[in-house]
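Input: a single structure, listed below in structure tokens.
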2 protein chains.
Amino acid sequence: MAKTNKNHDTEGQILSAAENIFQKKGMDGARMQEIADEAGINKAMLHYYYRSKQLLFEAVFTNAFSLLAPQLNKILNDDSSIEDKVKNFTHNYISFISKHPYLPNFIIQELNRNPKFFEKIQRNAAFPTLEKFKNQVNQEVEKGILKPINGEQLFINIISLNIFPFVATPLIKGFLKIENKAFKKMMEERKVSVSEFIINSIKK
Amino acid sequence: MAKTNKNHDTEGQILSAAENIFQKKGMDGARMQEIADEAGINKAMLHYYYRSKQLLFEAVFTNAFSLLAPQLNKILNDDSSIEDKVKNFTHNYISFISKHPYLPNFIIQELNRNPKFFEKIQRNAAFPTLEKFKNQVNQEVEKGILKPINGEQLFINIISLNIFPFVATPLIKGFLKIENKAFKKMMEERKVSVSEFIINSIKK
DNA sequence: TTATGGTTTAACTATTTGGTTAACAAAGAT
DNA sequence: ATCTTTGTTAACCAAATAGTTAAACCATAA
């Protein structure tokens, strides 16, 4: 029995508006009324479909995380060499985030506010694991392809170089005294320069 | 005329309590009453000394920024080689942040919430500039000490590698499945491994 | 001693905000 | 047609919260 009655995907419109507002303002800064206005829908409907601010927020959060996890999973668990993984991830990730610039900061901020959220997400099927990546790094080090390096530290370095500029955008714009256009150009350059920077460092 | 009357540094106690609360919860998440409780001081005093939540927040924010700016200035404007700068900055910065773990996230978060804050801070005397650093990178590239690299991108890489793990601590703990103790150990290792990682990449 | 002026407190206010409710609308089932 | 279920709305409520106020407090100077 399909969800009929009137209802032009009200539930979806609410979620979409909630994504906009929550990702820009966070749980504490967001207002239910503002989300309702953004959706052009009566505020009571937010509670009708999602019960509470907390639950609506969690829907947005797990949704956001589900967008990012596959990106990571791909680099961590396919069969290409570390070098190719670094190249692909750097290129793909920066492309992806350029389209969703609020995403990384949103996730990091809300995870800081309530670290217990991680448990809820971890039950997600697509949750990334590091085992394969670590083993692969060790193997390539043994084979003499890579200089000796700890897989976990390399992982931290890769995500730091790729994610940080999008988390700290206003800070970087301020230090470099650049505006949006120049910033985007620099991020475009980073699709290549970051992987070069990493490969230069680890390849024997 | 010294500030006499009773007043056991009430103003300072308020600021200190406000730092704790604002840095953990942000402007939106913090409550004036909670700051008053943390300081053990009547809430009206917060307004007596700082007028409004906004102004108290700004006092905390500029204070926090003034702690970080000199660290950056040092690396950017002393006369040592790029290699030494990277080594010193990495070591000193990670040591410093380990003692103030909420600081980077606080600044980044609030700068995202209100990018205009940067203007207020920029008038600060100790505000870091990149000119000298960029020139120095160019010179060392010309001399053949460093591989060709853009100074601004190198700067982004350095601060990304150093700051990101402290901004995204819960995320990294989650991915690596580690707790506080192991995390601290990894950050301790990074005092050396990050500068090695960078030097390996850029040195000819 | 007492007048002065900065400091402190408890009680209060106005507004914001998450959440509820009761009445109403509309679509499908009977 | 009308009954039932689901969706929608405006008005409302209670709690939270930034900010105010008037009275009390207390150290100092005259």
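Heavy-atom basis, side chains included; hydrogens, waters and symmetry copies ignored. This is a predicted model, so every value here is computed, not measured.
- Atom OH of Tyr50(A) and atom C1' of dG19(C) are 17 Å apart (whole Å).
- In terms of the salt bridge (charged side-chain N to carboxylate O under 4.0 Å, His left out) criterion, Asp84(A) has no residue partners (sequence neighbours excluded).
- The separation between Glu11(A) atom CD and dT8(D) atom C1' is 15 Å, rounded to whole Å.
- To the nearest angstrom, P of dC26(D) lies 13 Å from CE of Met45(B).
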Sugar-phosphate or base contact per nucleotide [nucleotides 10-20 of chain D; S, B, -; heavy atom under 4.0 Å] | B------SBBB
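- The nearest whole Å value for the distance from the CG atom in Asp28(A) to the P atom in dG18(C) is 11 Å.
- OP1 and OP2 of dT9(D) both lie 4.0 Å or more from every side-chain N or O belonging to Tyr48(A).
- Every ring pair (Phe, Tyr, Trp, His ring centres under 6.0 Å) that His100(B) has, sequence neighbours left out, goes to Phe96(B).
- Rounding to whole angstrom units, OH of residue Tyr49(B) and C1' of dT8(C) are separated by 9 Å.
- Glu83(B) is linked by a salt bridge (charged side-chain N to carboxylate O under 4.0 Å, His left out) to Lys87(B), Lys203(B), counting only residues two or more places apart in sequence or in another chain.
- The closest side-chain donor-acceptor pair between Ser95(A) and Lys191(A) falls under 3.5 angstrom.
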Please report, to 0.1 Å, the donor-acceptor pairs under 3.5 Å made by any side chain of residues 14-27 of chain A, with sequence neighbours excluded.
unit_1: Glu19(A); atom_1: OE2; unit_2: Asn63(A); atom_2: ND2; d: 2.9
unit_1: Asn20(A); atom_1: ND2; unit_2: Glu38(A); atom_2: OE2; d: 3.0
unit_1: Lys25(A); atom_1: NZ; unit_2: Glu34(A); atom_2: OE2; d: 3.0

Per-pair distances, 0.1 Å, donor-acceptor, side chain in residues 164-183 of chain B, under 3.5 Å, sequence neighbours excluded:
unit_1: Thr169(B); atom_1: OG1; unit_2: Pro165(B); atom_2: O; d: 2.9
unit_1: Thr169(B); atom_1: OG1; unit_2: Phe166(B); atom_2: O; d: 3.1

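- For Glu140(A), the salt bridge (charged side-chain N to carboxylate O under 4.0 Å, His left out) test picks out no residue, with sequence neighbours left out.
- For residues 12-23 of chain B, proximity to DNA chain D is found at no residue, defined as any non-hydrogen atom under 4.0 angstrom from a strand atom.
- Evaluation of the salt bridge (charged side-chain N to carboxylate O under 4.0 Å, His left out) rule for Arg113(A) yields Asp28(A), Glu110(A) as partners, not counting sequence neighbours.
- With rounding to whole Å, Asp37(A) atom CG is found 14 Å from dT16(C) atom P.
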